[in-house]
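The residues of the chain are indexed from 1 along the displayed sequence. Reckoned from all heavy atoms, side chains included, excluding hydrogens, waters and symmetry mates. Counting convention: from 1, in listed order, for ligands and their atoms alike.
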Amino acid sequence: MPKKGVLEFHQMKRAGEKITWLTAYDYPTATFEEAAGVDMILVGDSLGMCVYGYPGTVPVTMDQCIVHSEAVRRGAPNAFVVGDMPFGSYQVSDEDAVRNAARFLKEAGVDAVKLEGGVRVISRVRAILDAGVVVCGHIGLTPQSSGQLGGHKAQGRTLESAQMVVEDARALAEAGVQLLLLEAVPPEVAGFIRAELSIPVLGIGAGEDVDGQLLIVSDVLGTFQAFTPKFVKKYADLAGVSTAALTEYVRDVRTGAFPEEEHCYRMLEGEHDKFAAWAKGAG
Ligand code: KIV
């Protein structure tokens with residue numbers, strides 16, 4: 001499949017073709033996603049929970065994001081890979097934000113970066129865009145600042161909250177972001193933003209009326225079990241399949257059912273007799 005970029009995503013929006021987007025954190029998953037024909041891959045800071053077992057995304061570092069993004073890039077050379085700027089990588093200053101966005105491009109070869117927030121991060125967004133980096137905005141529920149939002153709660157469910165989401169979307173579009181992600185907002189609000197903006201508006205938990213869908217691959221494949229948000233559709237139960245396979249392995253080793261003859265490297269023809277004679281002498 002030829003690699004798609006921002007221009008193709010804008011064309012897809014105009015043509016009413018849905019953009020497909022999944023997170024990935026490692027090489028094998030990236031190869032599966034590329035084989036499945038996914039358009040975009042997010043190396044999300046959700047790796048904190050899905051890979052490292054942290055309680056949230058806040059502890060995730062730039063170095064971790066770079067290592068995982070590099071692996072994903074190698075596994076999916078033809079997908080549009082987005083690096084997720086972790087907490088602390090853009091909050092301090094515009095300079096820091098540009099330096100860390102540049103690391104994603106130079107060290108991991110990603111195609112774009114994503115950062116959370118609207119009006120309040122607009123100077124960071126402008127600085128990164130001015131450096132020539134493709135930016136995806138992320139508004140609605142923003143997990144890095146969920147403490148301020150009163151927890152992992154859907155946003156835009158009241159008039160006042162919906163107006164704030166729309167204001168953030170407008171500010172980001174005006175600043176020049178090429179892509180926008182809405183997380184956990186009502187479909188009515190998402191549809192309004194999608195219709196108003198010319199850039200592709202993607203959703204995770206934002207309903208059907210958006211230009212594309214994102215899900216966390218660990219939810220889709222059923223490897224993350226701590227909690228499952230309402231908007232997730234599980235397509236497989238890899239945790240169940242994996243645990244069953246590993247239980248069988250443990251049982252086979254304990255009972256001697258594994259390894260079998262087919263799993264052994266026997267000595268070469270004639271060598272066993274020589275080895276047995278040598279072993280006798282050595283004993
Ligand atoms: O880190 C991530 O996977 C994300 C999604 C929750 C949007 O930012």
Side-chain angles (χ1 to χ4, degrees), residues 19-26 29-30 33 38-62 64-69 71-72 76 79-91 100-101 104 108 110-118 121 124-125 135-147 149 151-156 165 168-169 172 177 179-185 190 193 200-207 210-224 226-234:
I19 301 164
T20 56
W21 196 8
L22 280 170
T23 66
Y25 315 107
D26 56 45
T29 309
E33 291 186 10
V38 73
D39 297 310
M40 293 172 56
I41 297 180
L42 172 67
V43 187
D45 61 356
S46 48
L47 67 84
M49 287 106 77
C50 299
V51 177
Y52 288 94
Y54 300 153
T57 57
V58 168
V60 174
T61 66
M62 261 312 287
Q64 287 171 321
C65 288
I66 294 288
V67 167
H68 287 273
S69 299
V72 167
F80 186 89
V81 175
V82 181
D84 201 11
M85 299 198 64
F87 185 70
S89 70
Y90 60 96
Q91 278 80 0
N100 285 318
F104 265 117
V110 304
D111 300 290
V113 299
K114 172 174 91 54
L115 62 160
E116 296 184 8
V121 297
R124 307 289 188 268
V125 168
V135 174
C136 176
H138 175 175
I139 55 173
L141 169 56
T142 45
Q144 290 173 11
S145 50
S146 58
L149 301 175
H152 283 78
K153 293 207 170 103
Q155 302 295 300
V165 177
D168 279 338
L172 287 167
V177 298
L179 300 160
L180 179 62
L181 175 67
L182 304 178
E183 178 168 352
V185 302
I193 293 170
V201 174
L202 297 109
I204 176 165
V210 282
D211 301 311
Q213 296 290 338
L214 168 67
L215 278 180
I216 292 186
V217 71
S218 319
D219 291 329
V220 171
L221 296 181
T223 56
F224 181 70
F227 60 88
T228 305
K230 175 183 165 65
F231 55 74
V232 165
K233 180 170 175 186
K234 240 183 175 182

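- Of the listed residues (T23, V81, L215), just one forms a side-chain contact (heavy atoms from CB on, under 4.5 Å) with L42, and that residue is T23.
- Rounding to the nearest 0.5 Å places OG1 of T61 at 10.5 Å from CG of N100.
- Atoms of ligand 1 found under 4.0 Å from any heavy atom of L214, numbered from 1 in the order shown, are 7 (C).
- Residue contacts with ligand 1: E116 is placed with no nitrogen or oxygen under 3.5 Å of a nitrogen or oxygen of the ligand (distance criterion only).
- In terms of protein heavy-atom proximity, atom 8 (O) of ligand 1 is closest to K114 NZ, 2.9 Å.
- At a threshold of 4.5 Å between non-hydrogen side-chain atoms, the residues Y25 and S218 count as touching.
- At least one N or O atom of D45 sits closer than 3.5 Å to an N or O atom of ligand 1.
- Neither the backbone nor the side chain of L47 has a heavy atom within less than 4.0 Å of ligand 1.
- Protein heavy atom in closest approach to atom 4 (C) of ligand 1: L42 CD2, 3.7 Å.
- Below 4.0 Å from some heavy atom of T23 lie the following atoms of ligand 1, by number and element: 3 (O).
- Below 3.5 Å of separation, one finds no N or O of E183 facing any N or O of ligand 1.
- The distance from atom CD of E33 to atom OG1 of T20, rounded to the nearest 0.5 Å, is 9.5 Å.
- By the 3.5 Å distance cut-off applied to N or O atoms, D84 is counted among the residues near ligand 1.
- For the side-chain contact (heavy atoms from CB on, under 4.5 Å) with L180, the qualifying choice from L202, I139, V210, D168 is I139, the only one to do so.
- No side-chain heavy atom of E116 sits under 4.5 Å from any side-chain heavy atom of F87.
- The ligand atoms of ligand 1 that sit less than 4.0 angstrom from a heavy atom of L181 are 7 (C).
- In terms of protein heavy-atom proximity, atom 3 (O) of ligand 1 is nearest to S46 OG, 2.5 Å.
- Among all heavy-atom pairs drawn from I41 and A24, the shortest one is CG2-CB, 3.6 Å.
- W21 pairs with exactly one of V38, D39, L181, L179 by the side-chain contact (heavy atoms from CB on, under 4.5 Å) rule, that one being L181.
- Residue T57 does not touch ligand 1, judged by heavy-atom distances below 4.0 Å.
- Results of the side-chain contact (heavy atoms from CB on, under 4.5 Å) test with I204 over I216, L141, L182 single out I216 as the only residue that passes.
- Each of the following atoms of ligand 1 lies closer than 4.0 Å to a heavy atom of H138: 7 (C), 8 (O).
- Each of the atoms 1 (O), 2 (C), 3 (O) of ligand 1 lies under 4.0 Å from some heavy atom of G44.
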